[in-house]
Amino acid sequence: MDTIGEFISYLQALGPAKFLRVFWFFVIFEFFRYFLLDLVGLILHRVSIWTNRKRWNRAREEFKKENPLVSIIVPGKNEGKHIFKLVKSLSEQTYQNYELIIIDDGSDDNTPIICKSLLKNGLIDQFYRNEERGGKASAANLGLRFTKGKYIIHLDADCSYDNDAVEKIILPFYYDKDIGGVGGNVMVRNYKESLVTTLQAVEYFNSVGIGRIVTSQFGIYRIISGAFGAFRADVMDKIQGWDIGPGLDGDI
């Protein structure tokens with residue numbers, strides 16, 4: 001008998017009373033936390049989208065009418081092999097009123113050469129370099145100083161984006177004027193490549209995709225991923241960017 005079959009037989013042999021004694025922690029805590037709560041959150045999220053569809057349509061119209069400048073900052077170290085792919089991904093966006101700022105955080109690969117070439121050919125708008133590595137937050141703050149847009153998008157260089165990603169992440173700012181930051185939905189694109197990438201895709205779907213939708217719905221969203229996050233420029237100006245430290249995902 002295979003392992004799954006043995007496990008099913010084991011559960012059948014337990015009976016309801018013994019099952020509760022053995023798996024009480026899962027039934028009381030984990031099932032509620034990781035299944036029921038997520039299910040309720042997702043249902044409320046879908047209902048909210050449907051009931052507020054007119055408001056979303058008005059937000060989309062206002063966004064397109066204003067056509068604001070969006071500043072995209074991309075800090076990183078030794079990301080030379082990813083830069084062109086990212087630039088190409090952004091050039092295919094449905095929303096094109098953006099400036100692209102690359103910040104090299106002390107790379108020792110060919111990142112400076114690649115970025116200077118892209119700048120010379122008009123494929124990126126600005127390029128800055130820290131001669132000594134200061135960390136991702138430090139590099140992001142350097143780029144932030146030179147932004148001109150009404151909204152700031154922070155991206156990782158080793159990511160690629162759906163062609164409506166910029167439009168979608170800016171839209172919530174027009175839906176609710178009190179929103180100061182928006183987290184993008186980060187997923188694994190090469191999930192078919194290996195077992196590891198498949199498992200990573202499942203993890204991202206659960207913890208990043210569903211998890212962050214649910215926490216946002218309940219008003220306890222606390223992570224804006226550095227891989228894809230957007231902020232109002234006036235808010236970033238008030239808090240003066242990211243704190244220098246080990247990471248920036250949970251900082252703001």
Is a side-chain N or O of D109 found less than 3.5 angstrom from the main chain of G80, in a donor-acceptor match? yes
What distance do D162 atom CG and I169 atom CD1 have between them, rounded to the nearest 0.5 Å? 12.0 Å
Do Y161 and F84 share a hydrophobic cluster (ILVMFWY, side-chain heavy atoms under 4.5 Å, transitive)? yes
Compute the centroid of each ring, for F231 and then for W242, and state whether the two points are separated by less than 6.0 Å. yes
Sidechain N-carboxylate O distance under 4.0 Å for K116, D104: no
Could you give me the CA-CA distance, side-chain angles and deciding distance for Y174 and E66, then say whether side chain to side chain donor-acceptor pair (under 3.5 Å) is met? CA-CA 10 Å; Y174 289 84; E66 183 178 346; 2.9 Å; yes
If you round to the nearest 0.5 Å, how far is CZ of F127 from CD1 of I103? 9.5 Å
List the steps and the verdict of salt bridge (Lys or Arg N to Asp or Glu O under 4.0 Å) for K81 and E79. CA-CA 6 Å; K81 62 183 179 181; E79 298 286 2; over 6 Å; no
Do the side chains of D38 and V40 get nearer than 4.5 Å, heavy atoms only? no
Tell me, yes or no, whether the heavy-atom count around F146 atom CZ, taken from other residues, nucleotides or ligands under 6.0 Å, exceeds 12. yes
Is K177 atom NZ crowded by more than 12 heavy atoms from other residues, nucleotides or ligands, each under 6.0 Å away? yes
Tell me whether the count of non-hydrogen atoms from other residues, nucleotides or ligands lying under 6.0 Å of NZ in K150 goes above 12. yes
Could you tell me whether K64 and E62 make a salt bridge, using a distance below 4.0 angstrom between a side-chain N and a carboxylate O? no
Do we see a donor-acceptor contact under 3.5 Å between the side chains of Y95 and D164? no
Take atom CZ of R222 as the centre, draw a 6.0 Å sphere, and report whether it contains more than 12 heavy atoms from other residues, nucleotides or ligands. no
Give a yes or no on whether the backbone of Y175 and the side-chain of R55 come within a donor-acceptor separation of less than 3.5 Å. yes
Ignoring hydrogens and geometry, is there a side-chain-to-backbone donor-acceptor pair from H154 to G229 under 3.5 Å? no
Hey, could you give me the CD1/CG distance between I83 and L123, rounded to the nearest 0.5 Å? 12.0 Å
Measure from the side-chain N and O atoms of N163 to the backbone N and O of T94, and report whether any donor-acceptor pair falls under 3.5 Å. no
Going from OG on S225 to CZ on R212, what distance comes out if it is rounded to the nearest 0.5 angstrom? 5.5 Å
Mark yes or no: R53 above the aromatic ring of W50, with NZ or CZ under 6.0 Å from the six-membered ring centre and no more than 45 degrees from the axis. yes
In terms of heavy-atom contacts, does CD1 of I113 have more than 12 from other residues, nucleotides or ligands at under 6.0 Å? no
Check whether NZ of the Lys or CZ of the Arg R232 lies under 6.0 Å from the centre of the six-membered ring of F173 and within 45 degrees of that ring's axis. no
Between N78 and D108, is there a donor-acceptor pair closer than 3.5 Å when you use the side chain of the first and the backbone of the second? yes
Hey, does the side chain of N130 reach the backbone of G106 with a donor-acceptor pair shorter than 3.5 angstrom? no
Approximate separation, where rounding is to 0.5 Å, of S91 OG and L86 CG: 9.5 Å
Got a donor-acceptor contact below 3.5 angstrom from the S71 side chain to the I152 backbone? no
Give a yes or no on whether the backbone of K77 and the side-chain of D105 come within a donor-acceptor separation of less than 3.5 Å. no
At what distance, to the nearest 0.5 angstrom, does CD of Q126 lie from CD of E99? 5.5 Å
Expected output: side-chain D156 to main-chain D158 donor-acceptor under 3.5 Å: no
Is a donor on one side and an acceptor on the other found under 3.5 Å between the side chain of D125 and the backbone of L100? yes
Show your working on side-chain contact (heavy atoms from CB on, under 4.5 Å) between L44 and V47 and close with a plain yes or no. CA-CA 5 Å; L44 291 175; V47 171; 5.6 Å; no
